[in-house]
Amino acid sequence: MTWFYDPRRTYDDNYAHGPFGALSSAPDGLSDPEDGASLLGLPVARPFGIPAGPLVNAAYVAAAFRHGFDVNVYKTVRTRAWPSHPFPNALAVHVDGDLGADRREPLLADDALDDATSISNSFGVPSRDPDAWQPDMAAAVRAAGAGQLLVGSFQGTHPPAGAADREAAYVADHVAAARLVVETGAPVLEMNLSCPNEGTGALLCFDAPQAARIAGAVKDAVGDVPLLLKLAYFADDAALATLVDATAGIVDGYAAVNTLPARLVDRDGRAALPGEGREIAGVCGDAIRWAGLDMTARLARLRERGGRRYAIVGVGGVLTAAHYRAYRAAGADAVMSATGAMIDPGLGAAVRRVSV
Ligand SMILES: Cc1cc2nc3c(=O)[nH]c(=O)nc-3n(C[C@H](O)[C@H](O)[C@H](O)COP(=O)(O)O)c2cc1C
């Protein structure tokens, strides 16, 4: 089966020629859900779609909407052009069961993608220049039909070493990115705070004061446009509570999880992905569903305890309509699938057929 984002091709090849496989042709037998839902006060046919990543441009987004994925995220953009990590980026990762959040032992990763349900995700968040992505994202916004929603994802980029007032410039870059996304007409924003490629292992989402400072500056700039924060897996409950305490009064919701990190090796025990800093890569798909469900349930608990109203977008390892329902039962207002949708482009239609 050809995946609509084809990991056997380079990022640029996918960008220029995709989507591939069934997503590139007309859908068949797509049913209209009877019970319309809403997300962040906006109507959605089914609160289900594809998170930031596999939908690299408007052609992919439009195809996803046509196939019954109703809430889709345009791949994370930056305020400047940024190259992808060298090929390959997505390898099959051989995990037995769940991937532990603190796993130290390496995992075998190779190109046996035919039967893969867990994959690596090592792209480095490539971006076109805003002059290229802004009109394309605007086209993606227009591709949404009734009851469909495009979410614009963005992240900040560290200024070069030695630049003046790097701290302020980093905050300002997030604000500039958010403004550029709003200019495209995107009705919802998602700020990626879980990018392992921005500097160190210390993800922005684990630095609550800094995350709140940036979210506050962004929210001041974008006004009423709802803002979601994309989070990594928090092993520590107190740290998650601290982040929610610091940001829940500012933002409109949280999307979790991004990938879980693991050391990936080939059959000879060498690093599976070429280049410095890629020995440890993000893993997504089946092996991380437990982490997405766990984060969803904990965010729902914090919401209830704090009498808060934020939205929760559950992400991670959704391969079937039953997984979608499990996330909804855990408290997710919307659910998204990256790896599962790449494997099965009929997943949107399948979720349209279940109740809730
Ligand atoms: C090919 C690919 C590219 C991704 N790129 C991004 C990205 O640019 N920004 C982001 O926030 N997450 C990115 N992700 C992470 C997904 O949004 C999602 O959080 C993760 O894959 C877990 O979901 P899954 O198990 O359904 O794949 C990417 C995932 C994949 C598979």
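By convention here, the first residue in the shown sequence is residue 1. Indexing begins at 1, ligand by ligand and atom by atom, following the structure's order. Basis for what follows: all heavy atoms, side chains included, without hydrogens, waters or symmetry-related copies.
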Using a strict cut-off of under 4.0 Å between a residue heavy atom and any atom of ligand 1, list the qualifying protein residues by chain and number.
Pro51, Ala52, Gly53, Lys75, Thr76, Asn121, Phe123, Asn192, Lys230, Val257, Asn258, Cys284, Gly285, Ile288, Val315, Gly316, Gly317, Ser337, Ala338, Thr339

Carboxylate-amine/guanidinium proximity below 4.0 Å for Arg267 and Asp110:
yes

Ser31 and Arg353: side chain donor to acceptor below 3.5 Å
no

With a 3.5 Å cut-off and no angle check, do the side chains of Thr79 and Asp173 form a donor-acceptor pair?
yes

Step by step, would you call Arg213 with Asp207 a salt bridge (charged side-chain N to carboxylate O under 4.0 Å, His left out)?
CA-CA 10 Å; Arg213 205 171 305 129; Asp207 182 348; 6.0 Å; no

Using a strict threshold of under 4.0 Å (side-chain N to carboxylate O), is an ion pair present between Arg80 and Asp129?
no

Can the ring centroids of Tyr324 and Phe48 be said to lie less than 6.0 angstrom from one another?
yes

